[in-house]
Amino acid sequence: MQKMIVVQPSLCAGCRLCEVVCSTVHYGVCSPARSNIRVVEWQDKGISVPFTCLQCESAICMENCPAKAITRDEKSGAMIIAEELCLGCRMCVLTCPFGGPRVSLDTGRVVKCDLCGGDPQCVSNCPTKAIKFMDVNEFIMEKMKASATGLVNEELKQIAEMNKNK
Amino acid sequence: MSKPITYGNMGEILRINLSEKVFSTEDATKYYQDYLGGRSLNHILLFQDVNVAKVQPFDPENEIILSVGPLGGTTFPGSGRFQATYIAPLPYSGFGDANCGGAVGPEIKYSGFDTIVIGGKADKPTYVFIEDDKIEFMDATDLWGKGTIECTAILRKRHPECEVLVIGPAGENLVRYANIRTKLTNTLGRGGGGAVMGSKNLKALVLKGSKPVRLFDQEKFFDICQKIQKDLMDPEFGPIHSITYDSMSKYGTPGITRMIGATGMTPIKNWQECGIWEDDKEIDGKYLVETWGVKRESCFTCPVHCHAVYETDGEHAHRGGGPEYETTAALGHKCLLPDGRKVLKLNHLCNELGLDTVEAGAMISSLMEWYDKGMIDAEFTDGLEMTWGNGEAMIELLPKIAFRQGCGDLLAEGPYRVGKQLGEAALNCVYHQKGMCATGVETRSAIGAMLSFALAPRGSHHLSGLPTAEWVNNPDLAIYLTGYKEAGELLSYHPLAKSRLVQFYENLFELSDSLGICKFNFGHLGYWHDKPEDMDKMWDYLSKAIYYATGIEYTKEKLLEIGERAYQIERCIVVMRGIRKKDDMPNWRCLNETCPGDHPVNPIPLPEIDEEKFVKILDAYYELRGWDSEGIPTEKTLNALGLEEVAKRLYSQV
């Protein structure tokens with residue numbers, strides 16, 4: 001599975017619709033505190049970054065789970081926590097370097113982003129497309145193209161100028 | 001017995017008494033049927049709690065009431081709004097209400113409340129920290145004197161992931177046009193709510209909640225929210241509807257400057273001119289965004305993201321939020337200041353100091369006109385030459401006002417009171433209604449707009465009921481809303497057409513403010529304004545969304561009745577504070593001067609308001625509302641809306 005949730009902070013307007021969409025589709029309520037995606041904000045500077053589980057290939061959460069409650073869902077590529085197996089020991093919370101898994105306010109068990117089974121609703125509802133669910137290689141190529149443009153900027157400008165004069 | 005589940009709303013009102021440092025809660029569910037929540041609920045609570053005829057703005061008995069509404073904090077597009085209501089220091093009507101975006105409204109609900117009522121007065125600078133059921137009174141001595149954005153950063157460090165509602169030095173020093181702020185771009189702007197907080201020694205309200213908002217039919221609710229979002233963003237929905245999204249989402253409110261300037265609506269040079277200002281290139285939305293814009297900023301769940309974050313370079317380099325059209329018009333057009341960097345700096349200063357940019361702009365543009373006409377000299381402003389467009393003088397003046405230093409002590413009283421002190425000729429230059437200056441609208445350019453500004457209980461502004469259908473001038477829509485095509489003709493004085501039109505928008509705006517959603521998306525801007533069917537669609541969406549959220553069925557008629565009820569209470573409050581027909585008349589400038597300017601739609605110059613014809617509209621409006629010839633709601637009118645208690649109090653005092 002090569003798809004991931006790609007975050008572009010420059011596009012995020014900080015509306016936090018992703019949070020309430022997530023809590024709605026997973027838990028049937030509007031509650032950012034129950035969302036598996038959170039928007040991290042620097043309110044005094046006008047910066048906001050949506051962030052969620054990165055679904056690591058070699059998942060530290062899975063490796064450290066004593067109950068073997070965390071497995072990868074082959075269809076979506078998401079790391080899934082089996083609620084009935086989870087001990088609520090929070091080892092995954094302690095070991096995850098990114099803050100992916102969180103403790104449910106309602107059950108005390110750990111919950112996390114499950115990519116909505118392969119069609120993440122935070123992504124499809126994001127009004128600014130600041131979060132995308134895309135092929136990671138495609139994303140890499142986008143970045144590469146943006147960087148490579150710097151090497152041929154002059155040439156591109158000249159071509160544009162030529163076309164304008166036509 | 002456990003409490004029954006409340007849908008949409010949260011079921012509780014939190015009351016905070018700053019004098020005693022205590023709090024209590026009260027059942028809110030009994031209000032939903034007749035008031036929904038939000039603004040409408042605020043009105044009845046203020047009326048019940050406070051002796052509205054007598055209490056002065058800075059008395060401890062005055063209250064600041066904050067309410068959200070059943071759609072606030074949900075997936076509904078633009079569900080970040082909440083309403084503040086209080087007895088206000090700026091308008092002489094004494095009525096204070098303001099509506100604000102950001103995410104404080106939702107956080108009030110996540111804390112478990114529909115409403116927070118703040119009364120009393122703390123003995124020293126205090127902030128209140130609310131974390132679900134825990135309410136703490138914290139020392140704010142170290143924050144006193146600090147700016148709103150700086151305080152936000154400090155408080156969010158102290159209480160991670162909280163939402164902050166905060167005043168600046170202007171509020172602390174009881175400047176009559178001090179505001180209350182949250183995040184970089186959102187404000188409870190008008191009427192001086194910041195000074196009311198300051199009078200209570202309340203620096204900030206800090207909220208962090210973990211309670212969920214439950215929906216009556218969660219699946220259908222989410223489905224309709226998605227449909228509305230799609231329609232709001234649809235580039236093919238209709239020309240007026242779709243250009244609204246295109247322009248607002250890219251350039252925000254400053255993007256409308258030239259658009260509304262086309263009818264002469266943009267005021268220039270302290271309302272002495274209007275329309276298109278040739279020199280405004282740098283403070284027009286597109287230029288601002290393309291030159292200094294960093295990114296878009298949005299209120300809670302809003303797809304429109306009409307706010308901007310910007311960064312400037314040069315002498316006044318800074319990073320800030322906004323500005324709104326109201327700010328560029330007030331500090332730019334009205335003061336003849338075309339310099340983008342300076343307008344942005346002034347906007348940022350107002351935000352940090354906690355000053356309402358509209359009234360601050362009106363104060364300065366009034367000073368400039370008085371100076372220009374020789375009514376004051378530089379000595380009046382501590383040596384600052386108040387010549388048109390003197391941005392550096394403006395930058396020096398704002399902190400003096402916020403800290404009441406030197407001439408700032410008088411200027412903190414606002415243009416209406418300063419004008420009155422200077423004499424009749426000076427007061428005639430102040431473009432106000434009920435003591436509060438107008439937002440960026442030249443009201444001589446549209447008679448319905450004039451009517452809504454003149455009537456607005458808190459003073460001159462567009463958010464009471466500026467009738468969009470008049471500005472877009474769509475005959476079908478005008479007939480649909482009022483029965484008369486004249487409702488859509490800018491300079492028509494048709495009494496029934498104009499009064500029906502304004503009443504409709506006033507009730508509609510009460511409604512969005514009572515739901516916890518943004519009126520920009522539901523009537524105030526061009527959305528749903530291409531044809532009557534679009535407006536039907538809007539009503540269908542609204543009544544369904546409210547039903548799926550709350551489980552209570554409301555028809556369009558029932559919803560408009562809630563708006564009507566809310567507006568009547570507002571009127572009763574200002575009537576009890578002495579407002580009568582004479583206060584609903586347009587200001588001196590509107591009645592006595594024509595307005596020159598450049599614009600393609602309306603006659604040049606715009607004629608003065610015809611007093612005789614205007615009175616006929618007022619009379620028709622009073623009749624429509626069920627008011628007597630002085631504008632006092634009759635007992636019959638109030639009783640028919642179930643406001644017997646309100647009627648009893650009103651008639652025991654007038």
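Both backbone and side-chain heavy atoms feed into the values below; hydrogens, waters and symmetry mates do not. Naming convention: chains lettered A, B, ... in sequence-line order (proteins, then strands); numbering from 1 in each chain. Predicted model, so just to flag it, every value in this text is computed and none were measured.
No side-chain heavy atom of B/Leu515 sits less than 4.5 Å from a side-chain heavy atom of B/Val68. Here the side chains of B/Val206 and B/Ile130 are not in contact, with every heavy-atom distance at 4.5 Å or above. Side-chain contact between B/Leu143 and B/Leu155 is present, with at least one heavy-atom pair separated by less than 4.5 Å.
Of the two parts of A/Cys18, neither the backbone nor the side chain holds a non-hydrogen atom closer than 4.5 Å to a non-hydrogen atom of chain B. Of the atoms belonging to A/Ala13, heavy atoms from both backbone and side chain fall under 4.5 Å from chain B. Heavy-atom distances place both the backbone and the side chain of B/Val213 under 4.5 Å from chain A.
Ranked by heavy-atom pairs under 4.5 Å with chain A, the first of B/Ala153, B/Cys302, B/Pro106 is B/Ala153. Between chain B and the residues A/Pro127, A/Cys15, A/Ala33, the largest count of heavy-atom pairs under 4.5 Å involves A/Cys15. Contact count versus chain A (heavy atoms, under 4.5 Å) is highest, among B/Gly102, B/Gly209, B/Pro212, for B/Pro212. Of the listed residues (A/Leu105, A/Leu11, A/Val21), the one with the most heavy-atom contacts under 4.5 Å to chain B is A/Val21.
Considering CD1 of B/Ile108 and CZ of B/Phe82, their distance stands at 5.5 Å, rounded to 0.5 Å. Remark: A/Ile60 CD1 to A/Cys65 SG distance equals 14.0 Å, nearest 0.5 Å. Atom-to-atom distance recorded for A/Cys22:SG and A/Ile37:CD1 is 7.5 Å, nearest 0.5 angstrom.
B/Leu232 and B/His241 get closest at one heavy-atom pair: CA-NE2, 3.8 Å.
The stretch residues 21-30 of chain A participates, sequence neighbours left out, in no salt bridge (charged side-chain N to carboxylate O under 4.0 Å, His left out) pair at all.
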Donor-acceptor pairs under 3.5 Å, chain B versus chain A:
unit_1	atom_1	unit_2	atom_2	d
B/Arg156	NH2	A/Glu41	O	3.2
B/Glu163	OE1	A/Gln43	NE2	3.0
B/Glu163	OE2	A/Arg16	NH1	3.2
B/Glu163	OE2	A/Gln43	NE2	3.3
B/Lys183	NZ	A/Glu41	OE2	3.3
B/Ser210	O	A/Arg34	NH1	2.6
B/Val213	N	A/Cys30	O	2.9
B/Val213	O	A/Cys30	N	2.9
B/Gln226	NE2	A/Asn125	OD1	2.9
B/Gln229	NE2	A/Asn125	O	3.1
B/Lys295	NZ	A/Cys12	O	3.0
B/Lys295	NZ	A/Gly46	O	3.2
B/Ser298	N	A/Ala13	O	2.8
B/Thr301	N	A/Cys15	O	2.7
B/Arg319	NE	A/Lys45	O	2.7
B/Arg319	NH2	A/Lys45	O	3.2

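Ring centers of B/Tyr547 and B/Phe216: under 6.0 Å apart, within the cut-off.
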